[in-house]
Amino acid sequence: MLELNLIKKNSAEIIQKLAIRGGDYSQKINDILDLNEKRIKNQQALDEALRESNKIGQLIGQLAKVGNFEKLEVLKKKATQIKTKAKELNNLSNITIKDLEEKLVSIPNTPDLSVPIGNSANDNQEIYRWGKSNKSSQIKPHWELAEKYDIIDFENGSHITGSGFPIYKGMGAKLQRALINFFLEYNNTKGYTEYIPPYFVNEKSAFNTGQIPDKEGMMYHINEDNLFAIPTAEVPITNIFKNKRFTHKELPIKCTAYSPCFRREAGSYGKEVRGLNRLHQFDKVEIVQICQPEKSYEILEEMVSHVSELLKKLNLEFRIVKLCGGDLGFTAAMTYDFEVYSPAQKKWLEVSSVSNFETFQANRLKMKYINNETKEIQLCHTLNGSSLALPRIMAAILEQNQTDDGIIIPKAIKDYINFNKITV
RNA sequence: GGAGAGGUGGCCGAGUGGCUUAAGGCGCACGCUUGGAAAGCGUGUAUAUGGAAACAUAUCGGGGGUUCGAAUCCCUUUCUCUCCGCCA
């Protein structure tokens, strides 16, 4: 949620930034400003009424002490009248505030000015490319390899639950587990504290990180308890720090967590969902940082190089893409996507999305810090990224590391796994 | 699931209808003291909204009610703790 006082101060700049997403938000922003004016007027009238009523209340207290009950009764009547008026004003004020909140919540985050303008993924900017994989025509897709080596059972998974819920088996399960450990341990060495979060969250938590109201349909919902299965560990992890006030010494907060992720992915079909391309349940290791506003873009770069390191250690061909305004998520101000190459599908698969949310989440979470120099209380900036999403990493390892007699296990994870090659 | 106890400021903790934003303590900041430090002493120290400011209003888990007036009484909801039950 954007900060109301920033909208008030810099509405022109905000409209300009939002235009990077490809829409004209000036009407919405103006509506918000109008509603805010209305809100302030209401509040002032209400405060005035309450002030009067408080004064009379005090007077009554004094009169009661000296026993002047005649005058007291007169004042009581007057106070009741004011109270009635105050109640009306209060109702009016509540309606306006609700209206205002609703409008405010519907506005996406303002992209950073460096975000390229564009409508779709086609307008994203590739900023980095690394590695080289075998592109021969003999290359097999990962779903065929998974079957050949009997390490992932897509069919049985879809019988047990539905499509998009694969079963990892034997060396496949071990590889997955080794990768998770490798990611977590590497994150640990870079100062990220490990967490195991809840895998279900309530409505408020989902709202705080921006899944609601924007992406409600993407989450599995348990009606009976009104809980959402987490689409990413970002949701519970970021919520850990709601209503906190940090000192500059405590920042940045660095967290990492492994969790399964659940996504409904309604509307996906065909080759998009083939094999490990898109699943309803998948594993992911996440990194989250909370920091002072002036440091967030520096930290974004740090996180980008962190994720790059992981991919280089796995020796996977990948590229980094800076998302354009039109492809940017609702809550993000800037996002870098990491994509590994699938030589068999001849396409890039997203394995990480590293974003700076600036104050967008912190505003809903009331996550603040005290500026050491000015002593002002400001909202923190939040950032997160995958490090990494397992299925597509798995797909890339299978495809990029395939040989005639097996899949070569990346050297980087040899400490976490007790074989060098997946064989029949 | 049953029964009980409780949620007060950054933290601990007092407070059962009126000058209580809230005693006391801890912590923190500044000053005095000291060769320096500790101790000691003194002063200050919640947040949000509106306002140029003075100041005003709101906030003692959330919501509602009683009352001229609620941290304090009533209703409701939520969370935590203890005991019992069930259980990996």
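This is a predicted model, so every value here is computed, not measured. Letters A, B, ... are given to chains in the order of the sequence lines, protein chains preceding strands, and every chain is numbered from 1.
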Quiz item: Atom CD1 of A:I32 and atom CD1 of A:I14: how far apart are they, to the nearest 0.5 Å?
Solution: 9.0 Å

Quiz prompt | Test log, rule side chain to side chain donor-acceptor pair (under 3.5 Å), inputs A:T331 and A:N109 | solution = CA-CA 5 Å; A:T331 53; A:N109 202 355; over 6 Å; no

Quiz item: Hey, is A:E13 close enough to A:K17 for a salt bridge, meaning N to O under 4.0 Å?
Solution: yes

Quiz item: Where along nucleotides 55-65 of chain B does protein come under 4.0 Å, by heavy atom, of base (B) or sugar-phosphate alone (S), with - for untouched nucleotides?
Solution: -SSS------S

Practice problem: Apply the test side chain to side chain donor-acceptor pair (under 3.5 Å) to residues A:R51 and A:N54: give CA-CA distance (whole Å), side-chain angles for both, the deciding distance (0.1 Å), then the verdict. | Solution: CA-CA 5 Å; A:R51 192 170 75 102; A:N54 284 347; over 6 Å; no

Quiz item: Counting any heavy atom closer than 4.0 Å, what does A:I56 reach on the DNA or RNA strands: base, sugar-phosphate only, or nothing?
Solution: nothing

Exercise. From the options A:K71, A:E73, A:K76, select the one residue that forms a side chain to side chain contact (heavy atoms under 4.5 Å, CB included) with A:L63.
Key: A:K71

Quiz item: Roughly how many Å is it from CD1 in A:I60 to C1' in B:C68, rounded to a whole number?
Solution: 3 Å

Self-check item: Distance-only side-chain donor-acceptor flag, A:N371 / A:Q378, under 3.5 Å
Solution: yes

Please report, to 0.1 Å, the donor-acceptor pairs under 3.5 Å made by any side chain of residues 250-261 of chain A, with sequence neighbours excluded.
{"from": "A:E250", "atom 1": "OE1", "to": "A:T247", "atom 2": "N", "distance (Å)": "2.7"}
{"from": "A:E250", "atom 1": "OE1", "to": "A:T247", "atom 2": "OG1", "distance (Å)": "3.3"}
{"from": "A:K254", "atom 1": "NZ", "to": "A:K190", "atom 2": "O", "distance (Å)": "2.8"}
{"from": "A:K254", "atom 1": "NZ", "to": "A:E302", "atom 2": "OE2", "distance (Å)": "3.4"}
{"from": "A:T256", "atom 1": "OG1", "to": "A:N187", "atom 2": "ND2", "distance (Å)": "2.9"}
{"from": "A:T256", "atom 1": "OG1", "to": "A:E286", "atom 2": "O", "distance (Å)": "2.9"}
{"from": "A:Y258", "atom 1": "OH", "to": "A:D283", "atom 2": "OD1", "distance (Å)": "2.8"}

Exercise. To the nearest Å, give me how far apart CD1 (A:I82) and P (B:G69) are.
Key: 11 Å

Exercise. Using Watson-Crick or G-U wobble pairs with both distances under 3.5 Å, give me RNA chain B in dot-bracket, 5' to 3', with [ ] for crossers and | for pairs to another strand.
Key: ((((((((.[[[..)..(.....]]]((((((.......))))))(((((....))))).[[[[[..)....]]]]])))))))....

Self-check item: Gap in Å between the two P atoms, one belonging to B:U21 and one to B:G36, rounded
Solution: 44 Å

Exercise. Round to the nearest Å and state the distance from A:E37 atom CD to B:U49 atom P.
Key: 16 Å

Practice problem: Kindly compute the distance separating CZ (A:R392) from CD (A:E399), expressed to the nearest 0.5 Å. | Solution: 12.5 Å

Practice problem: Decide side chain to side chain donor-acceptor pair (under 3.5 Å) for A:E234 and A:Q361; before the verdict, give the C-alpha distance in whole Å, the side-chain angles of both, and the deciding distance to 0.1 Å. | Solution: CA-CA 11 Å; A:E234 164 199 343; A:Q361 292 180 329; 2.9 Å; yes

Quiz item: Taking only residues two or more places apart in sequence or in another chain, which ones pass ring-ring contact (aromatic ring centres under 6.0 Å, His included) with A:F330?
Solution: A:F360

Quiz item: Distance between the P atoms of B:G10 and B:G6, in whole angstroms?
Solution: 24 Å

Quiz item: Taking atom CD of A:Q58 and atom CG of A:L75, what is their separation to the nearest 0.5 Å?
Solution: 12.5 Å

Practice problem: Please list, chain by chain and in numerical order, all residues satisfying ring-ring contact (aromatic ring centres under 6.0 Å, His included) with A:Y186, sequence neighbours excluded. | Solution: A:H306

Quiz item: Nucleotide by nucleotide, 5' to 3', does protein get under 4.0 Å of the base (B), only the sugar-phosphate (S), or neither (-) in nucleotides 71-78 of chain B, counting heavy atoms?
Solution: --------

Practice problem: Starting at atom CG of A:N371, determine the distance to atom P of B:A29, rounded to an integer number of angstrom. | Solution: 16 Å

With a 3.5 Å cut-off and sequence neighbours excluded, list the donor-acceptor pairs that the side chains of residues 86-103 of chain A form with protein atoms.
{"from": "A:T96", "atom 1": "OG1", "to": "A:N42", "atom 2": "ND2", "distance (Å)": "3.1"}
{"from": "A:T96", "atom 1": "OG1", "to": "A:L92", "atom 2": "O", "distance (Å)": "3.0"}

Quiz item: Roughly how far apart, to the nearest Å, are B:G9 and B:A22 at atom C1'?
Solution: 9 Å

Quiz item: Rounded to the Å, how far apart are A:K242 NZ and B:C79 C1'?
Solution: 11 Å

Could you go through nucleotides 8-11 of chain B and list every protein N or O atom that sits under 3.5 Å from one of its N or O atoms, giving the distance for each pair?
none

Quiz item: A:K9 NZ to B:G50 C1': how many Å, rounded?
Solution: 15 Å

Quiz item: How would you list, by chain and number, every residue that makes a ring-ring contact (aromatic ring centres under 6.0 Å, His included) with A:F165, sequence neighbours excluded?
Solution: A:H280

Self-check item: Closest-nucleotide 5' rank along RNA chain B - winner of A:S53 and A:G57
Solution: A:G57

Quiz prompt | B:C60 versus B:A46 - spacing of their C1' atoms, nearest Å | solution = 12 Å

Quiz item: Looking at RNA chain B, which of residues 222-230 of chain A put a heavy atom within less than 4.0 Å of it?
Solution: none

Quiz prompt | ring-ring contact (aromatic ring centres under 6.0 Å, His included) contacts in which one or both residues fall within residues 203-242 of chain A, not counting sequence neighbours | solution = A:H221-A:F228

Quiz item: For atom C1', what is the distance between B:C11 and B:C28, given to the nearest Å?
Solution: 11 Å

Quiz prompt | Atom-to-atom span, NZ of A:K368 to C1' of B:U47 - whole angstrom | solution = 7 Å

Self-check item: Sequence neighbours excluded - salt bridge (charged side-chain N to carboxylate O under 4.0 Å, His left out) pairs with any residue from residues 154-177 of chain A
Solution: A:D150-A:K169

Quiz prompt | Side-chain N or O of A:K8 closer than 4.0 Å to phosphate OP1/OP2 of B:G50 | solution = yes

Practice problem: Have a look at A:L59 and say if it touches a base, only the backbone sugar-phosphate, or nothing, with a 4.0 Å heavy-atom cut-off. | Solution: nothing

Quiz item: How far, in whole Å, is B:G13 from B:G17 if one measures between their C1' atoms?
Solution: 22 Å

Quiz item: Say you pick atom P in B:A3 and the same atom in B:A71; how far apart are they, in whole Å?
Solution: 31 Å

Practice problem: For A:N5 and for A:L75, locate the closest nucleotide of RNA chain B by heavy-atom distance; then report the residue assigned to the nucleotide nearer the 5' terminus. | Solution: A:N5

Practice problem: To the nearest Å, give me how far apart CE (A:M367) and P (B:U47) are. | Solution: 19 Å

Exercise. Could you work out the separation of B:U80 and B:C30 based on their C1' atoms and round it to a whole Å?
Key: 38 Å

Quiz prompt | Rounded distance [0.5 Å steps], CZ in A:F318 versus CG in A:L349 | solution = 14.5 Å

Quiz item: Which nucleotide, B:G69, B:G51, B:C68, lies nearest any side-chain atom of A:A79?
Solution: B:C68

Practice problem: Give a yes-or-no answer on whether the side chains of A:E358 and A:Y297 include a donor-acceptor pair shorter than 3.5 Å. | Solution: yes

